[in-house]
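Heavy atoms only: backbone and side chains are in, while hydrogens, waters and symmetry mates are out.
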Amino acid sequence: LKNQDPTAPLDSNQFTQQLVQMTSVEQQLNANDLLQQLVNNTSNGITTAVSLIGKTVKAVRDNANLTGGQAKWTYNIPADASDLKVEVLDANGKVVHVEAPSDMKAGDHDFAWNGKDMTGTQLPDGPYTLRVTAKDGTGAQLATTNYVEGVVTGVTQSNGATSITVNGGPVDWSKVVTINQVAATTPPATTPATS
């Protein structure tokens with residue numbers, strides 16, 4: 001309005017048409033933003049992650065949930081170790097359990113923890129972290145990798161990041177390294193009754 005010519009004021013019909021056009025353009029821009037968000041959600045893996053529900057996955061992750069006195073991890077040692085220490089840490093980073101496994105061969109190793117600290121006290125359910133320290137024969141540090149494995153029970157998306165729920169805890173879906181179909185259970189075979 002402040003830029004219109006005072007000798008030729010704007011017709012109210014033209015003014016209304018221009019307002020409608022500007023509103024239409026603004027709505028189109030909002031629709032474009034929503035479409036872009038939908039594309040981002042798809043590219044961030046939400047559709048792929050949803051297809052994982054009900055499947056067993058193995059994903060790179062140091063944290064696992066202690067549920068009902070049970071937490072499980074798998075750790076990988078890239079080469080034979082001469083010294084190996086496995087520690088479980090609570091949410092505050094405090095070491096609550098330590099083991100020195102005797103199997104120090106290269107490869108994957110399953111680790112199950114019963115939720116008891118070093119004094120034998122049962123700790124509460126929740127997230128715990130596995131820290132594996134391995135050294136080779138020369139004393140050089142080996143780069144170990146920790147995994148969690150379990151059935152995917154849910155998918156969450158927050159701030160553009162997609163995570164799946166494995167063993168009650170969130171896992172970045174892009175950290176999944178293996179996917180397996182859960183084995184179908186078959187009913188036991190029945191034998192026909194004879195008379």
Side-chain angles (χ1 to χ4, degrees), residues 44-46 48-156 158 161-186 188:
N44 286 342
I46 190 87
T48 304
V50 167
S51 71
L52 296 178
I53 293 176
K55 294 185 176 154
T56 300
V57 298
K58 179 178 173 184
V60 175
R61 180 135 174 100
D62 294 333
N63 294 350
N65 264 15
L66 176 67
T67 306
Q70 184 77 10
K72 294 180 182 180
W73 291 268
T74 299
Y75 61 90
N76 178 276
I77 306 172
D80 288 353
S82 63
D83 183 40
L84 179 64
K85 180 168 63 170
V86 177
E87 299 169 298
V88 178
L89 291 76
D90 67 11
N92 298 319
K94 178 185 170 194
V95 175
V96 294
H97 180 79
V98 178
E99 283 187 29
S102 58
D103 184 359
M104 295 188 269
K105 296 284 184 199
D108 285 350
H109 301 270
D110 292 329
F111 180 77
W113 176 55
N114 63 6
K116 293 184 178 179
D117 68 8
M118 293 178 279
T119 65
T121 304
Q122 184 65 46
L123 296 176
D125 287 355
Y128 290 85
T129 302
L130 185 71
R131 180 168 62 194
V132 179
T133 308
K135 294 182 180 177
D136 67 11
T138 66
Q141 194 77 23
L142 295 170
T144 61
T145 306
N146 298 328
Y147 302 96
V148 292
E149 188 169 358
V151 176
V152 177
T153 57
V155 175
T156 306
S158 178
T162 302
S163 63
I164 57 177
T165 304
V166 179
N167 300 333
V171 175
D172 182 347
W173 84 274
S174 66
K175 301 290 185 181
V176 172
V177 293
T178 63
I179 303 167
N180 293 306
Q181 187 69 41
V182 174
T185 57
T186 56

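- When all heavy atoms of Gln70 and Ala112 are compared, the pair lying nearest together is NE2-CB, 3.8 Å.
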Exercise. Run the numbers on Val176 and Ile164 for side-chain contact (heavy atoms from CB on, under 4.5 Å), then give the verdict.
Key: CA-CA 10 Å; Val176 172; Ile164 57 177; 3.7 Å; yes
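- Remark: side-chain polar atoms of Glu87 are not paired, donor with acceptor, to backbone N or O of Lys94 under 3.5 angstrom.
- Here NE2 of His109 is found 10.0 Å from CE of Met104. Values are rounded to the nearest 0.5 Å.
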- Query: Stepwise, does the side chain to side chain donor-acceptor pair (under 3.5 Å) test hold for Ser163 with Asp172?
  - Reply: CA-CA 4 Å; Ser163 63; Asp172 182 347; over 6 Å; no
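- Within the model, atoms OG1 of Thr165 and CG of Leu52 stand 11.5 Å from one another, a figure rounded to the nearest 0.5 Å.
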Exercise for the section: Apply side-chain contact (heavy atoms from CB on, under 4.5 Å) to the pair Thr74 and Phe111, showing each step before the final yes or no. Expected result: CA-CA 6 Å; Thr74 299; Phe111 180 77; over 6 Å; no
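- Between Val57 and Val166, some side-chain heavy-atom pair lies under the 4.5 Å cut-off.
- Here the closest non-hydrogen pair linking Asp125 and Gly68 is OD2-N, 3.0 Å.
- Every residue two or more places apart in sequence or in another chain was checked for a side chain to side chain donor-acceptor pair (under 3.5 Å) with Asn65, and none qualifies.
- A distance of 4.5 Å separates CD1 in Ile77 from CG in Leu84, rounded to the nearest 0.5 Å.
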Between Asn167 and Thr67, is the side-chain contact (heavy atoms from CB on, under 4.5 Å) condition met? List the steps. CA-CA 8 Å; Asn167 300 333; Thr67 306; 6.0 Å; no
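- Residue pairs meeting the salt bridge (charged side-chain N to carboxylate O under 4.0 Å, His left out) criterion with at least one partner in residues 97-123, sequence neighbours excluded, are Lys58-Asp108.
- Residues Ala134 and Ala81 approach most closely at CB-CB, 4.2 Å, considering heavy atoms.
- The backbone N or O of Pro170 lies less than 3.5 Å from a partner atom in the side chain of Arg61, making a donor-acceptor pair.
- Between Trp73 and Tyr128, the shortest heavy-atom contact is CZ2-O, 3.5 Å.
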Would you tabulate the side-chain donor-acceptor contacts of residues 141-154 under 3.5 Å, counting partners in other chains and residues two or more places apart, or write 'none'?
from, atom 1, to, atom 2, distance (Å)
Thr144, OG1, Val132, O, 3.2
Asn146, ND2, Asp62, OD1, 2.9
Asn146, ND2, Leu130, O, 3.0

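- The only option from Val88, Val95, Val86 that meets the side-chain contact (heavy atoms from CB on, under 4.5 Å) definition with Arg131 turns out to be Val95.
- The CD atom of Gln181 sits 8.5 Å away from the OG1 atom of Thr56 when rounded to the nearest 0.5 Å.
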